[in-house]
Amino acid sequence: MQSIVPFQEPVTKSIAYMKDSCRRLGLTDEETNAICDPQEVRLFKLPCNVLGQTVIFPGILCLHNNARGPYKGGIRLDANVDIYETVELARVMTLKTAVSDIEFGGGKTGIRVDWPRLFTMYDKKSDDWGFMRVVARSIVERYAQVYGDLFSKHIYVPAPDMGTGPGEMAIIYNQTQDPASVTGKAEGVAGWLPGRKEATGLGVAWVTKLYVEEVMEQDLSQLTVAIQGFGNVGSHVAKYMYEMGAKIVGISDIYGGLYDAEGIRVDELLEHVAKKGTVVGFEADSISNSQLLSLPVDILIPAAAGHVIGVDEAKDVQAELIVEAANVPITLDGMEVLNSRSVPVIPDIIANSGGVVASMEEYSRSLTALLRTKEDVFSVVRHKLENSLKGALAVAEKQNIDLCRAGVELAVQRVYQSMKSRHQI
Ligand code: NAD
């Protein structure tokens with residue numbers, strides 16, 4: 001059945017799995033389209049003042065689904081942003097908030113920033129972090145001026161994603177003067193949440209430990225792990241899994257990777273990265289990112305970019321379990337290969353949902369001005385993640401489907417129910 005949006009989206013993992021679920025749930029074509037298609041997509045151009053010069057940045061705002069609560073999703077500044085990626089990421093947010101059973105929907109903003117062109121234009125080096133912050137802030141300032149009304153009315157509640165962070169969220173707060181209009185705010189900004197920064201990585205570590213114990217009937221401290229990406233998510237996954245006793249033998253970032261069969265000292269690596277800005281140069285064997293994905297480990301955790309495991313990479317995976325800490329790191333074709341090889345995957349909508357669950361806590365704290373401790377936040381994240389994983393495992397067993405399809409099915413049931421109740425279907 002054809003989607004009714006006036007552009008032809010490629011068939012992605014989320015669309016394919018959502019349509020599968022709708023079929024199993026007996027929904028009509030019209031209902032299926034209403035759930036899968038975005039409710040609204042806006043294309044825009046932002047003329048921004050970058051160091052006294054006007055530069056125009058194109059972007060997409062996708063409001064995918066608000067049946068269960070305000071549209072929720074991060075602001076991504078990246079050279080590869082396009083309409084398909086933004087719509088896909090917004091749809092994944094709809095699934096993630098629903099499987100976590102929190103009162104948000106799904107949205108996303110993608111703004112295309114051609115960094116190489118900007119570095120040339122302004123005669124800057126490609127690692128000039130200060131310049132990148134100046135650019136990011138002028139874009140977000142303009143973006144907040146244009147869309148501030150959506151945030152102030154809590155129609156869409158944005159958050160950081162690749163290329164933005166707490167500093168940019170503070171700019172949104174400056175525009176709206178409303179702590180509940182944005183999450184992921186910097187420490188000290190009204191409504192900021194202790195534990196938000198760690199929540200995604202810690203959640204990935206918890207959900208992996210739970211799966212290892214309950215499904216694989218093993219102990220995390222006996223297993224080896226490789227992690228791609230050492231940014232906010234990857235570094236916290238590594239830190240917490242290391243503290244849980246797992247042996248982290250491979251870690252990479254965009255500049256290169258490390259391998260140590262005896263286990264990488266993650267505490268020392270964190271200090272190295274704080275000084276050097278990359279894992280490269282730490283004492284261990286050097287490996288490439290593609291070698292990292294095919295290491296002979298028990299658990300592989302992609303925690304960086306999307307679509308890094310396609311058909312070829314999936315054929316080479318040696319891990320016994322993959323945990324999607326990044327958003328959509330495995331393509332639809334890649335999933336088919338992994339399924340045919342019976343390699344289980346804990347899906348992104350469950351594995352990395354600690355971040356959005358903490359965002360719900362931040363939103364609720366911002367609305368009420370009631371304080372939360374880090375322990376309060378971690379306890380909610382843990383409880384929600386356990387429920388999502390156990391709920392999806394139950395659906396997987398009942399329907400005899402893999403965990404990724406089961407997570408989507410749980411989410412689709414909830415979105416459908418809310419759309420029905422709100423007469424959106
Ligand atoms: P980040 O920008 O802090 O870190 C990204 C890391 O990945 C860096 O170490 C970078 O060097 C590395 N990297 C980038 N491209 C790479 C590549 N092609 N190969 C290898 N390494 C590469 O970003 P983050 O916040 O850690 O987010 C990582 C992923 O997790 C993204 O997919 C993001 O959408 C997803 N995610 C983040 C959160 C959150 O709370 N930050 C929540 C849910 C999902």
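First listed ligand is number 1; within each ligand, the first listed atom is number 1.
- Residue R76 has at least one N or O atom closer than 3.5 Å to an N or O atom of ligand 1.
- Near D253, with a cut-off below 4.0 Å to any heavy atom, the atoms of ligand 1 are 9 (O), 11 (O), 20 (C), 21 (N).
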(request) Output, in order, the C-alpha distance, side-chain angles, deciding distance and verdict of salt bridge (charged side-chain N to carboxylate O under 4.0 Å, His left out) for E386 and K384. (result) CA-CA 6 Å; E386 278 187 20; K384 283 288 185 194; over 6 Å; no
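- In the vicinity of D161, heavy-atom distances shorter than 4.0 Å reach the ligand 1 atoms 34 (O).
- Remark: D402 engages R405 in a salt bridge, criterion side-chain N to carboxylate O under 4.0 Å.
- The distance between the ring centers of Y143 and F57 does not fall below 6.0 angstrom.
- Interatomic distance, CG of L43 versus SG of C62, reported as 10.5 Å (0.5 Å rounding).
- Contacts between V308 and ligand 1, counted as non-hydrogen atom pairs separated by less than 4.0 Å, are absent for every part of the residue.
- For G355, no nitrogen or oxygen atom sits less than 3.5 Å from a nitrogen or oxygen atom of ligand 1, counting backbone and side chain alike.
- Of all the heavy atoms of P160, none lies under 4.0 Å from any atom of ligand 1, so neither backbone nor side chain is involved.
- The closest side-chain donor-acceptor pair between H307 and T331, if any, does not fall under 3.5 angstrom.
- For atom 18 (N) of ligand 1, the nearest protein heavy atom (residue, atom name, distance) is A305 CB, 4.1 Å.
- For ligand 1 and T200, the ligand atoms under 4.0 Å from any heavy atom of the residue are 38 (C), 39 (C), 40 (O), 42 (C), 43 (C).
- Residue contact check for ligand 1: K197 places no non-hydrogen atom closer than 4.0 Å to it.
- Looking only at heavy atoms of the protein, atom 4 (O) of ligand 1 is closest to G231 CA, 3.2 Å.
- Geometrically, ligand 1 and N232 share a nitrogen or oxygen pair separated by less than 3.5 Å.
- Closer than 4.0 Å to atom 25 (O) of ligand 1 lies at least one heavy atom of the protein.
- Side chains of N49 and S138: a donor-acceptor N/O pair is absent below 3.5 angstrom, by distance only.
- Side-chain polar atoms of Q228 and S252 form no donor-acceptor pair below 3.5 angstrom.
- Contact annotation: for N327 versus ligand 1, heavy atoms closer than 4.0 Å belong to both the backbone and the side chain.
- The ligand atoms of ligand 1 that sit less than 4.0 angstrom from a heavy atom of Q228 are 19 (N), 20 (C).
- Of the heavy atoms in E198, none comes closer than 4.0 Å to ligand 1.
- Side chain to side chain, E141 and Q175 fail the donor-acceptor criterion of an N or O pair below 3.5 Å.
- Separation of the Y147 and Y156 ring centroids does not fall under the 6.0 Å cut-off.
- Counting protein heavy atoms only, atom 37 (C) of ligand 1 is closest to V233 CG2, 3.4 Å.
- Side-chain polar atoms of Q39 and Y71 form a donor-acceptor pair below 3.5 angstrom.
- D178 and S152 form no side-chain donor-acceptor contact under 3.5 Å, judged by distance and modelled atom types alone.
- Counting heavy atoms under 4.0 Å from ligand 1, residue A303 touches it through the backbone alone.
- Of the protein's non-hydrogen atoms, the one nearest atom 31 (C) of ligand 1 is A304 O, 3.2 Å.
- Residue-environment remark: CZ (R133) exceeds the threshold of 12 foreign heavy atoms within 6.0 Å.
- Less than 4.0 angstrom separates some heavy atom of N289 from each of these atoms of ligand 1: 19 (N), 20 (C).
- In the vicinity of A325, heavy-atom distances shorter than 4.0 Å reach the ligand 1 atoms 30 (O).
- Around the CD atom of Q145, the shell of radius 6.0 Å holds more than 12 heavy atoms that belong to other residues, nucleotides or ligands.
- Ring geometry for F131 versus Y122: interplanar angle of 30 to 60°, hence tilted.
- In this structure, the protein non-hydrogen atom closest to atom 9 (O) of ligand 1 is F230 N, 3.0 Å.
- Among all non-hydrogen protein atoms, the one lying nearest atom 15 (N) of ligand 1 is I254 CD1, 3.6 Å.
- Distances between N or O atoms of M162 and those of ligand 1 include no value under 3.5 Å.
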